[in-house]
2 protein chains.
Amino acid sequence: MAKADSAASGRRTPTVDELRAWRSFIETSDELRSVLGSRLQAESGLSAGDYAVLLALSEAEKSRLRSSELADHIGWERSRLSHHIGRMERRGLIERVECLTDNRGAEITPTAAGRDAFRGASAPHLRAIRELFVDALTPAQVVAAGEIADALRAHLDRAAQR
Amino acid sequence: MAKADSAASGRRTPTVDELRAWRSFIETSDELRSVLGSRLQAESGLSAGDYAVLLALSEAEKSRLRSSELADHIGWERSRLSHHIGRMERRGLIERVECLTDNRGAEITPTAAGRDAFRGASAPHLRAIRELFVDALTPAQVVAAGEIADALRAHLDRAAQR
DNA sequence: ACCCGGTGGTTGATGTGTCAATTAGACTCG
DNA sequence: CGAGTCTAATTGACACATCAACCACCGGGT
């Protein structure tokens with residue numbers, strides 16, 4: 001009954017091929033992140049987290065954001081951001097400024113050094129993305145990768161709601 | 001010259017669309033890993049790392065491996081494995097055994113509790129992979145995802161060699 | 001005015017990953 | 001054998017993520 005079994009819709013565990021695709025997908029994306037991260041670090045002294053923070057700030061009005069808005073922008077938990085901001089502040093990349101309209105609040109803004117580091121990191125980072133992602137794939141594959149990711153995300157959000 | 005520019009082969013930074021695909025790809029794969037990881041943790045008390053270690057051991061001859069063979073199997077650095085093994089040992093999931101043929105060496109083997117935890121974790125984990133990855137995609141997309149990952153990996157390895 | 005629930009943000013504990021340095025046994029060659 | 005070298009594995013220091021308290025302030029109701 002093996003044949004009927006593998007064709008049945010109620011099957012619960014992935015096939016060998018599906019599993020291979022899964023492993024390849026998840027392991028490679030991980031490796032890619034890590035290679036890109038260490039390149040960024042080597043070239044600019046910024047971690048991927050630092051870059052994300054500085055990118056969000058650079059896109060903000062007046063280069064400053066409330067801590068929780070920043071957290072929303074980059075999709076981090078408050079606590080994670082708070083710890084990270086602390087480390088970045090110690091390194092002189094950003095500053096915490098008290099918020100005038102809410103005494104609880106903090107506004108985050110990059111220092112001159114932070115802005116410089118981000119400007120220096122940006123172009124090489126984008127080039128690395130091109131080299132390691134875009135250039136590795138056919139144009140159709142790049143599109144497909146985006147669609148696959150979108151489908152996964154949509155499914156994930158649907159699953160999370162339930 | 002904007003048109004000629006964007007068509008030139010020497011272009012160094014990704015287009016907006018390419019960048020969107022990249023961000024979607026990398027962020028989604030990350031989120032997927034994290035959701036799957038917390039499910040595993042919730043259902044079995046094992047982290048993704050624990051699972052990888054126990055899986056490799058379960059596939060080994062006699063359920064035991066030299067520390068560095070284990071590291072190779074799962075693609076970790078020695079040091080990372082050593083730290084992780086220490087934590088797993090403290091939790092009673094595995095044991096370190098001295099190696100007879102090489103006094104420097106350690107062999108790693110799961111405890112009864114470790115084997116139980118792995119057995120209990122395995123089926124739900126595979127089901128979760130099916131639910132969150134396989135079921136989110138068309139069969140063609142699953143294949144494409146595997147091919148994209150393979151292409152990225154191949155390109156990455158080639159880049160690393162240089 | 002006062003209490004109280006909600007919110008913005010921080011903190012500490014713990015688990016995890018990386019790098020560089022270290023320890024200790026194995027191996028080789030004169 | 002003995003010095004130099006290679007290798008297996010561990011260690012310590014640090015960056016990072018997550019979780020569960022926690023503190024201080026806001027704002028609304030009475």
Side-chain angles (χ1 to χ4, degrees), chain A residues 27 30-42 44-53 64-109, chain B residues 27 30-42 44-53 64-109:
Chain A
E27 285 170 11
D30 204 25
E31 198 179 324
L32 198 46
R33 180 192 346 279
S34 121
V35 170
L36 223 42
S38 40
R39 282 211 189 182
L40 183 62
Q41 181 81 48
S44 67
L46 297 179
S47 71
D50 300 337
Y51 186 84
V53 166
R64 68 174 43 203
L65 281 174
R66 285 295 291 271
S67 176
S68 40
E69 291 174 316
L70 177 51
D72 286 349
H73 267 295
I74 57 186
W76 287 9
E77 297 184 12
R78 285 151 183 290
S79 153
R80 177 178 175 186
L81 182 63
S82 186
H83 283 296
H84 202 96
I85 289 303
R87 288 187 297 263
M88 289 181 75
E89 195 174 28
R90 253 181 277 135
R91 289 191 291 146
L93 294 171
I94 56 167
E95 275 177 340
R96 278 185 237 239
V97 188
E98 287 178 32
C99 177
L100 297 178
T101 67
D102 185 336
N103 282 321
R104 293 166 301 185
E107 290 195 317
I108 318 292
T109 189
Chain B
E27 285 170 11
D30 203 26
E31 198 179 324
L32 198 46
R33 180 191 348 277
S34 121
V35 169
L36 223 42
S38 41
R39 280 210 191 184
L40 183 62
Q41 182 80 49
S44 66
L46 297 178
S47 71
D50 301 337
Y51 186 84
V53 167
R64 70 173 41 202
L65 281 175
R66 285 293 290 273
S67 176
S68 40
E69 291 174 318
L70 178 51
D72 286 349
H73 267 295
I74 57 186
W76 286 9
E77 297 185 13
R78 281 144 184 282
S79 150
R80 176 178 176 185
L81 182 63
S82 188
H83 283 297
H84 202 94
I85 289 302
R87 290 187 295 263
M88 288 181 75
E89 196 174 28
R90 255 182 276 131
R91 290 191 290 145
L93 294 171
I94 57 167
E95 275 177 340
R96 278 185 237 240
V97 188
E98 287 178 32
C99 178
L100 298 176
T101 67
D102 186 336
N103 282 320
R104 293 167 299 183
E107 290 196 316
I108 317 291
T109 188

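All of these numbers come straight from a predicted model, not from anything done at the bench. To find a chain, count down the sequence lines: A is the first, B the second, and so on, and within it residues start at 1.
- Using a 4.5 Å cut-off on side-chain heavy atoms (C-beta onward), B/Ile108 and B/Leu81 make no contact.
- The CG-P distance, from B/Leu81 to C/dG15, rounds to 17 Å in whole Å.
- For residues 86-98 of chain B, the pairs satisfying salt bridge (charged side-chain N to carboxylate O under 4.0 Å, His left out) are B/Asp50-B/Arg91, B/Glu89-B/Arg96, with sequence neighbours left out.
- The distance from atom CG of A/Leu70 to atom P of C/dT10 is 11 Å, rounded to the nearest whole Å.
- Straight-line distance from the CZ atom of A/Arg104 to the C1' atom of C/dG8: 5 Å, rounded to whole Å.
- At its two ends the helix from C/dA1-D/dT30 to C/dG30-D/dC1 runs along axes set 10° apart, each axis drawn from five pairs and the angle rounded to 10°.
- Identified under the side-chain hydrogen bond (donor to acceptor under 3.5 Å, both in side chains) test for residues 73-83 of chain B, with sequence neighbours left out: none.
- Remark: B/Asp72 engages no residue in a side chain to side chain donor-acceptor pair (under 3.5 Å) (not counting sequence neighbours).
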Would you list the protein and nucleotides 16-20 of chain C atom pairs, both N or O, that sit under 3.5 Å from each other?
| unit_1 | atom_1 | unit_2 | atom_2 | d |
| --- | --- | --- | --- | --- |
| C/dT16 | OP1 | B/Ser47 | OG | 3.2 |
| C/dT16 | OP2 | B/Arg87 | NE | 2.8 |
| C/dG17 | OP1 | B/Arg80 | NH2 | 2.8 |
| C/dG17 | OP2 | B/Arg80 | NE | 3.4 |
| C/dT18 | O4 | B/His83 | NE2 | 3.3 |
| C/dC19 | OP2 | B/Glu77 | OE2 | 3.2 |
| C/dC19 | N4 | B/Ser79 | OG | 2.5 |

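- In this structure, A/Arg66 places its CZ atom 9 Å from C1' of C/dG9, rounding to the nearest Å.
- Base engagement by B/Ser82 is indicated by at least one non-hydrogen atom pair under 4.0 Å involving a base atom.
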Step-by-step side-chain contact (heavy atoms from CB on, under 4.5 Å) determination, B/Leu93 to B/Val53: CA-CA 10 Å; B/Leu93 294 171; B/Val53 167; over 6 Å; no
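- A/Arg96 comes within contact range of the sugar-phosphate backbone alone, with a heavy-atom separation under 4.0 Å but no base atom that close.
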Side-chain polar contacts of residues 64-71 of chain A - donor-acceptor pairs under 3.5 angstrom, sequence neighbours left out - could you list them?
| unit_1 | atom_1 | unit_2 | atom_2 | d |
| --- | --- | --- | --- | --- |
| A/Arg64 | NH1 | A/Glu107 | OE1 | 3.0 |
| A/Glu69 | OE1 | A/Arg66 | N | 3.2 |

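- One finds a side-chain N or O of B/Asn103 lying less than 4.0 angstrom from the OP1 or OP2 phosphate oxygen of C/dA26.
- Among all heavy-atom pairs drawn from B/Cys99 and B/Ala106, the shortest one is CB-N, 4.4 Å.
- With rounding to whole Å, A/Arg90 atom CZ is found 13 Å from C/dT10 atom C1'.
- Looking only at distances, no side-chain donor or acceptor of B/Ser44 sits under 3.5 Å from a matching main-chain atom of B/Gln41.
- In this structure, B/Arg33 has no side chain to side chain donor-acceptor pair (under 3.5 Å) partners at least two apart in sequence or on a different chain.
- Chain B approaches DNA chain D over the interval D/dT7 to D/dA13, counting the first and last nucleotide 5' to 3' with an atom under 4.0 Å from its heavy atoms.
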